[in-house]
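To find a chain, count down the sequence lines: A is the first, B the second, and so on, and within it residues start at 1. This is a predicted model, so every value here is computed, not measured.
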Amino acid sequence: MRLLFVHADEMSFEAQRPALKAPPPLSPGEEKGSAAEVLVVFYTVEARDVEDAGSVVAQAVENIQDVLRQVHAREVLLYPYAHLSNQLAPPDRAKELGDRLREKVRSSLSVPVRWAPFGYYKSFVLRAKGHPLAELSRAIGPGSSLPATPGGPSPPKTSAPPTESQALANEKKLVSHWYVLTPEGELTEAERYDFSQDPDFQAFYRYEAQGSRSAAEEPPHVRMMREMELVDYEPGADAGNFRWYPKGYLMKRLLEEHASNLIQAAGGMRVETPIMYDFEHPALKKYLDRFPARQYILRSEDKEYFLRFAACFGQYLIFHDMVMSRKDLPVRLYELARFAFRREQTGELSGLRRLRTFTMPDMHTVVADLEQAKAEFLAQFRASQTWMADLEIPYHAAVRFVREFYDAHADFAKTLARTLGKPLLVEMWDERFFYFVMKFEFHPLDTQGRAAALSTVQIDVENCERFGIQYTDSDGQRKTPLLLHASIPGAIERNVYALLETEARRMARGEKGKFPFWLAPTQIRILPVSDAYVDAALELAERLEAEAGARVDVDDREEGIGRKIRDAELEWVPLVLVYGEKEKGSPHLSVRRRDGTRAQMSLEELVREVRESQGTHPRAPLPLPRRIRLRPVFRG
RNA sequence: GCCACUGUAGCUCAGUUGGCAGAGCGGCUGAUUCGUAAUCAGCAGGUCGGGGGUUCAAGUCCCUCCAGUGGCUCCA
C-alpha cells in the first residue's frame with residue numbers, strides 16, 4: 001500500500017462519474033464532502049497487499065496515528081487514490097481492504113474520520129499547509145514498512161526537481177552509524193553498548209542519534225541570565241541578537257581573552273578579517289553554493305554583500321596570498337570573530353544556545369599531510385580539554401568519521417579515546433558528503449537533556465583546492481595542503497549558556513550555583529555591619545584589590561547583615577567578608593565561603609587563597625561601582 | 001519557515017459567565033544602625049505585546065502582526 005499524507009487547511013471533493021464498470025453504490029451524502037484542518041490520507045492498494053491484508057491495514061493505521069501525532073490535525077480524510085502505484089490490486093479486493101482500513105481507523109483514532117468514495121472519478125480542491133511535515137509519503141507491504149519520506153512526496157513515476165542546494169540534498173541521504181569507543185580501544189555498536197554506568201552519556205547518544213522529546217519549558221539559563229543581569233534579549237534588534245549588561249559583558253570579555261590566550265599559546269597567529277563579503281567573488285560563490293542559504297544579505301548602492309557566517313573566508317583569502325613553504329607548516333591563523341552571522345530560522349533560535357549573531361574564536365591550520373593533520377588535531381583536542389576544564393563544565397565527546405578514513409586511521413581514534421579518558425561517541429558515514437573527513441565536538445548536556453557543541457575541530461580536504469591555497473614542498477614542487485578548522489571554545493555566548501545550564505543542573509540536585517572564580521563578576525564582597533564601618537570596608541577593599549588582584553565590592557546599603565548575606569548568595573559571590581567591631585582592631589578577617597563554611601584568616605592568608613583560585617586566568621576590573629548603593633538596576 | 005503554547009507594573013505572577021487594573025519583589029521617602037540567606041511603614045509605578053474588529057461595554061471574544069518557548073526542520 002502506498003500512502004500520501006497532506007496536512008491541509010481545507011479539502012473538499014465531489015464524485016463525478018464511475019471509474020469502474022460496476023462501481024460500488026454510493027450511500028446518501030457519500031458523493032461529496034469537505035473538511036478543514038485535516039490530515040488527508042491518499043492511499044493506493046497494491047497487488048501484493050492482498051497477501052496479508054491484516055498486516056497492511058495494521059501498519060497503515062499505525063502510520064496514520066504516527067503522522068497525526070506530529071501534525072495535530074483536527075480530522076482525517078481517507079481518499080482512495082489509484083495513482084500512487086502502477087501495481088494496483090483488483091478493484092474488488094482494493095475496495096474490501098479500503099473498507100477494513102476505514103473501520104480500523106475510525107475505531108482507533110480520537111478525531112473524526114471522513115472518507116471519499118471508491119470507484120469514482122472525483123474532483124477535489126486541496127490547500128496544503130506547506131510545513132516540513134505537511135506532506136509525507138509512506139510505502140507499506142505485507143512484510144515490513146518503509147521509512148517515511150519527509151519534505152514532499154516522491155511518487156514512483158516522478159522525481160523531485162533539484163530546487164535546493166546540493167549540500168542540503170546530500171544531507172538528506174546521509175546515513176549515520178553510531179558506535180562507542182572506550183579508552184581501552186574497544187569499538188561497540190551504540191545500540192549494544194552498556195550505558196548503565198553513565199546515564200548522561202546515554203542521554204547524549206540518544207539526543208545526537210534521535211533528537212529529544214523533552215517537556216516544553218523555558219531553558220533555565222534564560223531566566224538566570226536575566227535575573228543576574230548578565231545578558232538580555234534586545235527587542236529593538238533582529239531576533240537572536242542580545243544586549244550584554246556590565247556583569248555579563250565582563251564574563252564574556254574574560255572568556256574571549258582566555259580563549260585568545262590559549263589559542264595564541266597553541267601557535268595561533270591572531271588576525272582580523274572583514275565581516276562582509278562580495279556575493280560575486282568567484283571563490284566565495286562556489287563556497288556558498290556548498291551550503292544552505294542562511295546569510296544576512298546587505299544591499300548597498302547596487303551591490304550585494306553577505307555577512308560572514310564564520311571567519312573561514314577571510315582566512316582562506318589570506319592563506320591564498322601567503323607564501324608558505326614546507327618548513328613553515330603547520331601555519332595557524334586565529335581570529336576572534338566578532339561577530340559571525342547566521343540567519344537561523346526563527347524556530348531554531350533558543351536563548352544563548354542558538355543565536356543569529358555570535359562570537360566565534362576561529363582558528364585555521366594549514367598542514368602538509370595527514371600525519372601533520374593528525375598531530376595538530378590531537379594537540380587541538382588537548383587544548384579543548386584544557387578549555388573545558390578551566391570552565392569547569394562536564395561534557396561528552398563525539399567524534400565523526402567518514403568510514404573509509406576511520407578504517408585507515410583506527411589507531412588515531414583510539415588515541416583520542418585514550419586521551420579523553422572516557423568513552424567517546426563515534427558517528428560514521430559511509431560516504432563523504434561534507435568537506436571534512438573527520439571532526440570532534442565536546443558537548444555539555446543542559447537541564448533538558450539536550451546537547452550543544454562547544455569545542456570542535458575538523459580535518460578539511462576540500463577547501464585548500466577550492467581557494468587555491470598552496471605551499472612549496474622541499475622538492476620545490478607547489479602542493480595543496482590540508483586544512484584544520486578549529487573553534488577551541490566554540491561560540492562564546494554558548495559557553496555562557498553552558499556555564500548557566502551546568503549550574504542549573506547542579507542546583508536541581510540541591511547544590512549551590514557558582515561561577516569559576518576567575519569569572520565571578522564580584523569575587524570578594526565586604527559587608528560592613530553598619531554605616532560606621534563603611535569607610536574601613538572601602539579601605540580594605542582597595543587593599544585587597546591591590547594585593548590580590550581581585551574584584552572587590554562593598555555592600556554599603558542600610559540593610560541588616562542577614563539581608564546583605566542573602567543578596568551576596570543570590571549573586572553567587574564566592575567570598576564574603578563581614579566587617580564590624582570585631583574585625584576593626586583585629587588581624588583576622590571573617591570569611592564566608594560559597595560552600596557555607598566560615599574561617600578566620602589574616603589578610604595575607606586570604607590574598608594567598610585568592611591568588612590560588614585565580615591562577616593564571618585573565619583579570620579585569622570590577623564592572624560596576626564598588627559601592628553597591630551607587631548601582632542602578634538593569635533589570636528587576 | 002511550519003505546528004502548538006505563552007505575552008497584564010522594571011521583575012514574578014493573579015484577574016470569575018465580557019462590567020471600576022491587583023499582589024509580592026524591586027524603586028522612592030521616612031524610621032531603624034543591625035553579626036552570617038529577606039527590619040518596619042508610607043508613596044509612586046499600567047498603551048493589559050502592536051494594529052484592526054465584534055459589543056452599550058474587551059485584559060477577557062474574533063482577525064492580523066510582533067516577540068518568547070517547545071516540537072519539526074536546521075545547526076557551515
Side-chain angles (χ1 to χ4, degrees), chain A residues 7 37 69-73 128-136 150-151 165 167-168 171-172 211-219 222-223 226-227 229 232-240 287-288 290-295 308-313 340 342-351 353-356 358 360 362 434-436 439 441 448 450-453 456 458 460 463 485 487 491 494 512 527-534 557-571 576-583 590-593 596-598 632-636:
Chain A
H7 186 200
E37 291 298 315
R69 198 159 40 235
Q70 296 181 59
V71 301
H72 305 289
K129 285 197 177 286
H131 60 79
L133 292 175
E135 297 170 41
L136 294 165
S165 79
L168 257 185
E171 282 173 38
K172 292 204 170 145
S212 77
R213 290 272 170 206
S214 57
E217 61 183 34
E218 185 172 81
V222 171
R223 184 178 44 75
R226 304 172 87 188
E227 267 175 12
E229 299 189 311
D232 212 337
Y233 297 106
E234 177 46 75
D238 188 24
Y287 188 57
L288 285 174
R290 191 89 167 79
F291 297 104
R294 285 288 164 71
Q295 297 86 10
R308 65 175 174 197
F309 48 76
C312 298
F313 324 104
R342 300 184 186 182
R343 238 200 86 92
E344 311 287 10
Q345 301 180 81
T346 52
E348 293 165 355
L349 298 171
S350 171
R353 179 169 179 264
R354 194 88 175 273
L355 296 77
R356 278 184 172 168
F358 61 95
M360 184 155 74
D362 204 355
F434 304 104
Y435 56 81
F436 53 83
K439 71 186 293 201
E441 300 132 28
Q448 298 167 47
R450 286 181 307 203
T456 182
Q458 309 164 354
D460 179 340
N463 284 304
H485 297 248
S487 189
R494 192 175 271 188
K512 277 187 186 176
L527 311 185
V529 167
S530 76
D531 277 356
Y533 306 99
V534 168
R557 296 172 303 167
E558 289 182 58
E559 295 287 351
I561 200 73
R563 176 53 179 263
K564 293 182 182 182
I565 294 273
R566 177 181 150 85
D567 288 346
E569 292 281 355
L570 292 173
E571 279 188 60
V576 173
L577 272 51
V578 174
Y579 194 93
E581 194 54 37
K582 273 190 260 169
E583 289 72 20
S590 303
V591 178
R592 179 188 162 105
R593 298 197 183 84
T597 61
R598 283 154 65 177
V633 176
F634 286 87
R635 199 174 187 282

Side chain of [X] only, please: which of [options] is the nearest?
X: I565(A); options: U12(B), G70(B), U36(B); value: U36(B)
X: Y233(A); options: G68(B), A76(B), G35(B); value: G68(B)
X: R635(A); options: U33(B), C75(B), C11(B); value: C11(B)
X: Q448(A); options: U33(B), G70(B), U36(B); value: G70(B)
X: E581(A); options: A67(B), G35(B), G70(B); value: G35(B)
X: I561(A); options: C34(B), U69(B), A37(B); value: C34(B)
X: R354(A); options: C74(B), C11(B), G70(B); value: C74(B)
X: V633(A); options: G70(B), G27(B), A76(B); value: G27(B)

If you restrict it to nitrogen or oxygen atoms, what contacts under 3.5 Å exist between nucleotides 39-43 of chain B and the protein, and what is each distance?
{"unit_1": "U39(B)", "atom_1": "OP1", "unit_2": "E559(A)", "atom_2": "OE1", "d": "3.4"}

I'd like the [atom1] distance from [M] over to [N], given in whole Å.
N: A31(B); M: G49(B); atom1: C1'; value: 40 Å
N: C25(B); M: U39(B); atom1: C1'; value: 16 Å
N: G15(B); M: C48(B); atom1: C1'; value: 11 Å
N: U29(B); M: G46(B); atom1: C1'; value: 22 Å
N: G42(B); M: U36(B); atom1: C1'; value: 30 Å
N: C40(B); M: G35(B); atom1: P; value: 15 Å
N: C72(B); M: A38(B); atom1: C1'; value: 45 Å
N: G59(B); M: U17(B); atom1: C1'; value: 16 Å

Spacing of [X] atom [atom1] relative to [N] atom [atom2], expressed in whole Å:
X: E234(A); N: G68(B); atom1: CD; atom2: P; value: 11 Å
X: E571(A); N: G26(B); atom1: CD; atom2: P; value: 14 Å
X: R223(A); N: G68(B); atom1: CZ; atom2: P; value: 19 Å
X: L570(A); N: C25(B); atom1: CG; atom2: C1'; value: 12 Å
X: F434(A); N: C74(B); atom1: CZ; atom2: C1'; value: 12 Å
X: E583(A); N: C34(B); atom1: CD; atom2: C1'; value: 14 Å
X: F634(A); N: G26(B); atom1: CZ; atom2: C1'; value: 15 Å
X: R592(A); N: A37(B); atom1: CZ; atom2: P; value: 5 Å

Is the backbone of [Y] close enough, under 3.5 Å, to the side chain of [X] for a donor and an acceptor to pair up by distance?
X: K564(A); Y: R557(A); answer: yes
X: E229(A); Y: R635(A); answer: yes
X: R354(A); Y: R494(A); answer: no

Closest non-hydrogen atoms of A311(A) and D362(A), given as atom of the first, atom of the second and distance, are N-OD2, 3.1 Å

Correct closest heavy-atom pair for A568(A) and V576(A) would be CB-CG2, 3.8 Å

Once you apply a heavy-atom cut-off of 4.0 Å, does [X] come out as touching a base, just sugar-phosphate, or nothing?
X: G351(A); answer: sugar-phosphate
X: K582(A); answer: base
X: A532(A); answer: nothing
X: L349(A); answer: sugar-phosphate

- Item | Side chains of T346(A) and R356(A) in contact at under 4.5 Å (non-hydrogen atoms) | yes

Taking the side chain as every heavy atom from C-beta outward, state whether K439(A) and T456(A) have any pair of such atoms under 4.5 Å apart. yes

It should be established whether [X] places a side-chain nitrogen or oxygen under 4.0 Å from OP1 or OP2 of nucleotide [N].
X: S590(A); N: U36(B); result: no
X: R450(A); N: G71(B); result: yes
X: Y579(A); N: U36(B); result: no

Test side chain to side chain donor-acceptor pair (under 3.5 Å), reference S590(A), set K582(A), R598(A), E583(A), output is E583(A)

5'-most contact on RNA chain B (nearest-nucleotide basis), D238(A) vs K564(A), goes to K564(A)

Nearest-nucleotide check on RNA chain B, V529(A) vs R566(A); residue mapping nearer the 5' end is V529(A)

Result for salt bridge (Lys or Arg N to Asp or Glu O under 4.0 Å) between E569(A) and one of R563(A), K512(A), R593(A) points to K512(A)

Hits for salt bridge (Lys or Arg N to Asp or Glu O under 4.0 Å) against R308(A), two or more places apart or cross-chain, chain-then-number order -> E335(A)

Is it the case that the ring center of F436(A) lies less than 6.0 angstrom away from the ring center of H485(A)?
no

Intra- and inter-strand pairing of RNA chain B, written as dot-bracket with Watson-Crick and G-U pairs under 3.5 Å and | for the latter, reads (((((((..((((.....[..)))).(((((.......))))).....(((((..]....))))))))))))....

Presence of donor-acceptor pair under 3.5 Å, side chain of E344(A) and base of G1(B): no

- Measure the acute angle between the ring planes of F309(A) and F313(A), then classify it against the limits of 30° and 60° as parallel, tilted or perpendicular. perpendicular

